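Just so it is clear: chains get the letters A, B, ... in the order the sequence lines come, proteins before strands, and each one is counted from 1. The model shown is predicted, which means the values in this text are computed figures rather than measured ones. What's counted below: heavy atoms across the whole structure, side chains too, no hydrogens, waters or symmetry copies.
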There are 2 protein chains.
Amino acid sequence: MLWYRYLMETSPPAPYDVFKLSCPSREVFVRVGERWTGLVLLGLRQGTLRFSQLRRQIDGISQKMLTQTLRGLERDGLVARTVYPTVPVTVEYDLTPLGRSLGDAMDVLRTWAYTHIGDINAARQTYEAANRQL
Amino acid sequence: MLWYRYLMETSPPAPYDVFKLSCPSREVFVRVGERWTGLVLLGLRQGTLRFSQLRRQIDGISQKMLTQTLRGLERDGLVARTVYPTVPVTVEYDLTPLGRSLGDAMDVLRTWAYTHIGDINAARQTYEAANRQL
DNA sequence: CTGAATCCGAATCGATACTG
DNA sequence: CAGTATCGATTCGGATTCAG
């Protein structure tokens, strides 16, 4: 019953290996892992948004974390920041093509989540029930 | 130049909305965001592994974090844990079908990372250069 | 409006020691 | 081998205050 795994196994496409500490792709995983990165990418996926609009859209994010997350994404070339010298100042955020492609990958995760929440909750119930009397 | 976004926009497939604090899919995002979750899923994607094998594979993970991550994944029905009463004890970890499907989604991210590390590093250089004299 | 700066408790994580 | 337990160190993250 193990054969199918070896058939499915596709070796990594490049000289990279996420499992290695030294692999730069690890950083990508770390960034994606940051608490709000995914939600910001998904939020901007629908189009340009201003700071306060983005903040309103993402329930529960604080101003500090939104700023911090946006800076990180900007630094990595995933988000473009445009300042308009109005009074008061207007700042727009946008996905770059690179950010858009990562956003698409995140959207796969979102869809997965929507589809499998039920399974996960069921598993949790089972798990709790099995470990209740410990 | 905005029309294409609206054409691409596909509304969420269900009564879920990640942006809402109350949405259970947020928990999925949080779990995926946990530092080591992705790597463990990717590690087990290649087949059954024992605790120490998994630990060796994932460079830099501590024993504590591996245990903790595995417990969480087990609780959510993503990983199956099998104990063989040998001496000393043998414990095998495996992806469940659910875990396998999430692993596939994570692999999309891995591939994305491998493909775009260069772009990200370039963006970082640009960013640093632009902000050097501040 | 868009943020930067600071304070501070909470959560995370790693190293170490110990167990069946 | 496969963990559990504990203890600091660091980091995270929210609330608040201030500024251009």
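Taking atom CG on B:L66 and atom C1' on C:dC13, their separation rounds to 14 Å, with Å as the unit. Regarding A:M65, its CE atom lies at a distance of 14 Å from the C1' atom of D:dT16, rounded to whole Å. In this structure, B:R55 atom CZ and D:dT4 atom P are separated by 14 Å, rounded to whole Å. Rounded to an integer number of Å, the gap from B:W36 CH2 to C:dG14 P is 6 Å. Put simply, CG on A:L54 is 14 Å from C1' on C:dC1, counting in whole angstrom units. At whole-Å resolution of the value, CD1 in B:I58 and P in C:dG14 are 12 Å apart. Atom CG of A:L49 is separated from atom P of C:dT2 by 11 Å (rounded to the nearest Å). Per the geometry, CD1 belonging to B:I61 stands 14 Å off P belonging to D:dA2, to the nearest Å.
Not one side-chain nitrogen or oxygen of B:R56 sits closer than 4.0 Å to the OP1 or OP2 atom of D:dA2. Phosphate contact (OP1/OP2 of D:dA2, side-chain N/O of B:S52, threshold under 4.0 Å): present. A close approach under 4.0 Å does occur between a side-chain nitrogen or oxygen of B:R50 and OP1 or OP2 of D:dA2. For C:dA4, one of the phosphate oxygens OP1 or OP2 lies less than 4.0 angstrom from a side-chain nitrogen or oxygen of A:R71.
For B:R35, whose side chain is taken as the heavy atoms from C-beta onward, the closest listed nucleotide among C:dT2, D:dG14, C:dC13 is C:dC13. Comparing D:dC1, C:dC1, D:dG3 by their nearest atom to the side chain of B:P88 picks out D:dC1. Set against D:dG3, C:dT2, D:dC1, the side chain of A:V89 has C:dT2 as its closest nucleotide.
Contact check on B:R110 versus B:D107 returns a salt bridge, with a Lys/Arg side-chain nitrogen under 4.0 Å from an Asp/Glu carboxylate oxygen. A salt bridge links B:E27 and A:R124; the closest N-O separation between the charged side-chain nitrogens and carboxylate oxygens is under 4.0 Å. In this structure, B:R81 does not pair ionically with B:E92, as no charged nitrogen and carboxylate oxygen lie closer than 4.0 Å.
Across all strands shown, A:Q63 has heavy atoms under 4.0 Å from base atoms, whether or not it also approaches the sugar-phosphate. At a threshold of 4.0 angstrom between heavy atoms, the contacts of A:Y93 are confined to the sugar-phosphate backbone, with no base atom among them.
Nearest-nucleotide positions on DNA chain D for B:T90 and B:K64 put B:T90 closer to the 5' end.
Contact record, B:Y114 with A:V18: OH-N, 2.9 Å, taken as the closest heavy-atom pair.
B:T69 places no side-chain N or O within donor-acceptor distance of the main-chain N or O of B:T37, the cut-off being under 3.5 Å.
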